[in-house]
Amino acid sequence: MSEQEAYEPRIIAFLCKWCSSAGSDLAGVSRIQYPANATPITVMCTGAISPMYILSAFNKGADGVLVSGCHLGDCHYMEGNYLARRKIHLVKELLEFIGVEPNRFRMSWVSAAEGAKYAQVIKDFVADLKPLGPQEKLSRTKPEAEHL
Amino acid sequence: MINLQDLRDTARDLLAKGEARAVIGFRRGSRGMAAEPAFITRPEEADELVWDPTCVHNLALYLVEDRKFLAHNRAAPGLPIAIVAKGCDARAIVVLMQEHYFKREDVYIIGVSCEGTGVVDERKLAVHLNGAVASNAVFDGDDYVFTTVQGEKRLAARDVMADRCLECREPFPREHNAVLGENKTGRELAAPFTALARFETLSATERWTYWERQFDRCIRCFACRSVCPMCFCDECVVDSITFPVTAQTTAEEKANRIRWIERSATRSENITYHMTRAMHLAGRCVDCGECERVCPVNIPLRLLNNKMEREARERFGYEPGASIGGASLVGSFRDEDPGSFIR
Amino acid sequence: MPDNIYLPELARVAYIKEEVGGERAIKTFRIEPVNGKTFEHECGQCAMLSLFGRGEMMISIASSPLIKEYKQFSIMRVGRVSTTFHELEVGDIVGIRGPYGNSFPVDDWRGKNLFFIGGGCGLAPIWPVITTAVAQRANFKNITVFYGGRSPRDIMYKTELEKLRGDVDVHLSVDKTEEGWSEFCGFVPANVMDKSPSSENAIAITCGPPIMIKYVIQNLRELGFADDQIYTTIENKMKCGIGKCGRCNVGKDYVCVKGPVFSWAELKELPEEY
Amino acid sequence: MEKILDKKRIDDWINALTGWEILTPALEDGVWAYRPVSGAIRLDHTNTAQPPKGLAFPQREVFFSFEQIKGEAPRLTQILPDAKQRAVFGVRPCDGRGTVRMDKVFSDHAADIYYQSRRKNIVYVGLACNQPPGANCFCLSVGGSPISSDGLDVLLTDLEDRYFVTAVTEAGKALIAAAGGLLAEPAANDRAQVEKVHAQAVAHPQRAIDKPNETPAKLKASFKSPLWEELARACIGCGICTFLCPTCHCFDINDEVTGSAPMRGSRVRTWDNCQFPDFTMHSSGHNPRENSGARLRQRVCHKFQYFFENFGMHQCTGCGRCITGCPVGIDIVSVVNKVVEHAG
Amino acid sequence: MTKKRTGVFVCHCGNNIAATVDVARVSQEMAGEENVVFSKDYVYMCSDPGQNSVIQAIKENRLDSVVVSCCSPTLHEKTFRDNASRAGISGFTCEIANIREQCSWVHKDKTQGTEKAIKISRSAVRRAGRNLSLEPIAVPVTRKVMVVGGGIAGIQAALDIANAGLEVILVEKQATLGGHMLQLSETFPTMDCSQCILSPKMVEVSRHPNINVMTYSEVQEVSGSVGNFKVKVLKKPTFVDPEKCKICDDCTKVCPVVVPNEYELNLTARRAIYIPFAQAIPASYTLDESACLGLNPIRCGKCKDVCEADAINYDMRPITLTEEVGAIVVATGFDLYGQENLGEYGYGKVEDVLDGLQFERLCSASGATGGHVLRPSDHKVPKDVVFIQCAGSRDPAQHCAYCSKICCMYTAKHASLYKHHVPDGRAYVFYIDIRSGGKGYEEFVQRTMEDDGAIYLRGRVSKLYRDKEKIKVMGTDTLTGQNVEIDADMVVLALAMQPSKGTADIAKVLKIGRDKDGFLAEAHPKLKPVESVTAGIFLAGTAQGPKDIPETVAQSGAAAAKVIALLSQPTLSHAPTVARVRSSHCTGCEMCVTACPYHAIRLENGKALVNEVLCEGCGSCTATCLRAAIEVKNATQMQVFEMIEACLA
């Protein structure tokens, strides 16, 4: 088995409780299989996801971070995902700006009815991450170059 | 062309007439040609004030310090505090007021227009003076004139001007009580975000190699944070977590401080620190460029903040420091915000 | 001095007692070396306790040097590390390094009257001196302990203090009295004035909140105590314990090296940065 | 031991030093910094932005790592820095004298093995300042000089086309020896020229502390002076002055957690700074040095009074970095002068 | 302060989890966690013995927090929180680790599955380790209800609620109650007269001591939350005092202004002052401000002059009333798919092409033609009438994707009504297929075909145009495959049902969601069909989706029952997981205030202050605050921080 196949990216998936987490539940109920790389962290709303969470996940060694919430207009809290969209956009731009591979950070809308989509999102994410190899740019777990 | 006497007279009158309890401005420093922040409370001190290309500091910071001082001593502001503010400084003051850090009536803004020029970048100047040391600097139209041991040296301002000034969107302090100098907004210097645009032509890998080198230099002196008027939090994500925020902070709170970022100047922590700062300044940074100026190891911090600022402008139609009222960038949204990146 | 001054020894928490409850609770911990042997210390010295993953804190050793099998610390819950310390259970392992700082010149005090004046958790730093003096009772003349807390509930070492009576004159006080409190009511300095001890052939050792120390010293001098008859200990933020990290620096001295014990004669020469 | 080295041959000398890591000043993104040598070496720096302090006393030093499995005793592993041999070229005399002061702190009493294991493997090849001094240099005021070899192992003096090489220590001699026949014996005119150059260097006008000898006493007398607060009014409490200082050694110790199942991490030392407001703050919230005035006083007095009282020397080498670097123009020379003058 | 004592319970869920997750290992790994003092796995945690073992373990081990690694929290979070409470600790200290839906059911590899299950459980343990023992917040309730919409849905709900002894405010936009049902002639399948069954209810409403009817009124603004809403209602002026008005009709006789009568679907005209129907409630005239010459005696004032009761008052002004209610029922009804949307079938362009409601009016005895079916253009009796079903429905390409559900039935009704009125006429019905689910529905359609002889043609109408007297209707009968061409006198379109115009606005005002078709969204399609996503706001009638009268009435009853159940409690309980301000960190920058979708935060002397009843705990404030000065209890940044750490440990 090639090196790339051997490497299993570690993904943190921030899911909103009402849509995406429910969506992933539906994927479960429908027994749709997808890779086990993503560990879900359920939050009340994507609007509650502070940019710190994302930076911190990378800092703690995540190879990829996913933020998933309700489609626009479906937010259980009406506006949370609109606020999130703006914040996440900025984080994404910033990460790419300093040269972090765009594929390491991803946002998606997955409704409670889109179990299949959730599975697909994870499949794609894992597939896109594998060629990139471990994330070492923001990760503190990486051995340190001495500071002069 | 600003007449220094007008500046001094304005300051003197404010103090003499008891309309301000102090004037924050610039005075001649002891270090070569450089000006330094001045805090004058007596009318006769007004003549210490100067206005020249070395008035680089964003004095808005000291309004924050003043607030903290008052809060610490549970004192009421009383008379307003007057401050000499360039275009960018005035924008910073507006953001602070937008965030209710102090009230409009607590500040008397003596605006100074940067007109045809901005302020000098000592690093650029050093190159032009190769070795010589300037003891004095004055504005002269679109030029700076420096006094060195070899005599006078006249340089086109734009050649030794700080990048932040070259790219300045508004050299005129829109928000002011009194203002000196003409409104030369829209002067023909470098377009805003020029450096940013240049940088963005690089590939992702090139960008990373660049930032890697920059962040590796950071020694975590936190000057970028200390000098920033927007970094007024009492507790910062990178502070030593053994430090109690206030005397009232409970043992519980101290024990439960989150250590987002270590104090070690390692790459991962440095990057996370600077990224966090950029995020926290998104929609608040007015590009006064102080962080970049003070950095002892010359990290181009403006690029990060500019990036956020341009996103805010172009994608969200948001302009920091434009109005005192109005929602914050991250506390609001528009239906037409970009969302194409979402799957 | 070990060759790596930053590397702590491991020690086991053998005994925990809650002295005082409430927001600023005080707990007493006995810790014994895991590998059987540990450093010796003198009265008044401190040790750096650590919880791995949380950090270190400098605490004065509250047990007498005569006790070798364990070291005792009375810790108030104020900061990050101390709060976590209060969560410990018997058997937990902590780190310890030391001893740091100078000590009370107990031997120079042979044949003298000793007055100990403590307030709040300020009893802990002078406790080793008291217990040592009592253990070597014959070496000293009268031993008197003044100690006070906000209320009866804030009195630490209650049972231990009771045990002292007989060997020692114990004068307790509380700022606010409560039902069933028979002893002095008022601040510690007042209690001292109330008993007005003689400065004759005497040494006064005081420790407690800065404000208390200030007035105690004032009163003692009124009672005729000379500057070199008065001893106290001061604390500053410390990180290294060996005069390098710069935190506890006061004037030319480092509290972790030249302190924490100072005679008033020495202390008043120092800049007021403690 | 004194030698002469043809400037063109300095690279050969460096190449001859096999097994050594060679650091030389390099201009990177507009900043002079010590970097592992690559290509032809440049020694035309006024001085580096940072002193070589970090080589023996890095911003981050790992003391030991720990791992704690629930119910078991924590496992501690001491981590000593790897002892690679380093030669640093182009160190200015002020920074050479900086290392002397660092040695005092970390080696005199309670030796610090982390500092020492790095320090003992570093050889400083100094370069005398015989070009006009930087705008904020004042080494002469603090007992130093542009040609001082204090704390250096080798001192180079630039004689236009060649270097006059003086070995100061045994380590220095060894370094020269390693070059074999590369370095020649100096001729009489070389010595004459060195003396001339040195004389000129010392004669260059510098900024000056007016009464260096009276300073400690005058500072002691000025502890309660209102001047401190006034002079520190603009201070923003950043770490530039101390982090760029060749002699500042204050540090913080923290536990860095890298994993939580089981809990593991390391205890690390990082630079800290007496100008940070929280530096001396007690857990109780009480802060012995509450305002920037007190903090400026601490920095100045520590350098010009306390250290002097303890070691008989100023803890300042006049490199002027804190002046050049200060974002708000706080200028230790004028601060000292003002306070001393004010003390009468 | 002591360490947390957490218990972990790992469920096998038979083989559902155990098949792909080594449950024993998960439980053993969790035992290694700092705060965990008890850890076990069991075959069915949610079974009675399972639940009891949780309660027992809590008591025996003095647990203060619980983590159950099992199925999705949506299924058993409540179960185990109740167990926790029964064991004497706060239910909010209990966390669910979803290792079934999010793990065992979606992975095959046991090693990977187990690893992931451990991560998920560990992060739940870390979170539980910092949970506060919270108890629900008790909220006093206002025992008063607002029903928005005075159609049959609103009327029914209002009556049911009022009869349960609660006060009701019934708000209707139009000048009369009744809604669309009042416009119908007969109702399928029983063919009883619509007005005859509706008007008694309208009267009952108007007379009911517990019901306050506000017609010609609109909801403008809603604040507050379940149990305590504050509603601003705008009452438009009718310029006629219903108390005085004798409905003598003198005023209309003198009114010089003539405008189309919307209540008659513009088949007839009315005056500027008018009464929508004879049976209108309130029984009073309304002066249409937009049509009137100017509410000014000098301009006109004829009506005022003739009114003997002196009921007319030109000085009436709009008034805004603020009502406090504990719950709201939204029954804003439907509109027909408007001609502005429907290009085909000459609707609104070709004369004598009518929509369903217009045809109802033609058949209605109270209608323009006095119950005679005459075509509008020339008042002749139409001999050939074409009925077109699914006009705008079931057409995802151009129009509504959904089926409007009632068209099959009312078209059958129309056809048979027509045949009763014009026995020698011919009724053609173009249909895609017939959906007649419902009691007696299929039989009704059969009767229409067989007894009344309506001609059903399966297929769509391809072309339709006016040809002098006639309307040429061309289409294909897909059953015979033949092209059909009919010279019709009249065409009736069974237009799609869509949410009434006001629905979008009311949804915005009430902050309740709408589905993709614009109908009000129910909280759960199956389990909460009459609840909106916002607590305390319920849905009834066609505003929620197309339905016929019996269904509407049933749903109204259901909504009423929910409201009654809700307000029968003395106090409501509100989740305690709400935002809390760390005022030592708050600088009063107001970012959270603007970010809060519930307007639950305000500044008070320079610091943010949370209204715990309004706060839904979404956490938008947390992510917006730069200083972590505001956090949601039991979902703090510290907890997320540690969960991230746990997942990457």
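Order of the sequence lines sets the chain letters (A, B, ...), proteins ahead of strands, with each chain counted from 1.
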Residues of residues 87-120 of chain A within contact distance of chain E, non-hydrogen under 4.5 Å: K87(A)
Contacts of residues 31-68 of chain A with chain E (heavy atom under 4.5 Å):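 Heavy-atom contacts from residues 31-68 of chain A to chain E are R31(A), I32(A), Q33(A), Y34(A), P35(A), A36(A), A38(A), T39(A), P40(A), I41(A), T42(A), M44(A), C45(A), G47(A), A48(A), I49(A), S50(A), P51(A), Y53(A), S56(A), A57(A), K60(A), G61(A), A62(A).
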Region of L15(A) in contact with chain E, defined by heavy-atom distances below 4.5 Å: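 Side chain only.
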Per-residue contact mode, S21(A) against chain E (heavy atom under 4.5 angstrom):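 Its backbone and side chain both get close to chain E.
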Among [options], who wins on heavy-atom pairs under 4.5 Å with chain A?
options                            : value
S620(E), A649(E), C103(E), C625(E) : S620(E)
P597(E), G619(E), C618(E), S104(E) : C618(E)
V632(E), I644(E), T622(E)          : I644(E)
K119(E), K116(E), R127(E), M643(E) : K116(E)

Residue part contacting chain A, namely of [X], when any heavy atom lies under 4.5 Å:
X       : answer
R514(E) : neither
N98(E)  : side chain
E115(E) : neither

Shortest non-hydrogen contact between L648(E) and R10(A), atoms and distance: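 Shortest heavy-atom separation between L648(E) and R10(A) comes out as O-NH1, 3.0 Å.
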Which atom of C647(E) lies closest to which atom of I12(A), heavy atoms considered: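 Closest approach of C647(E) to I12(A), heavy atoms only: CB-CD1, 3.4 Å.
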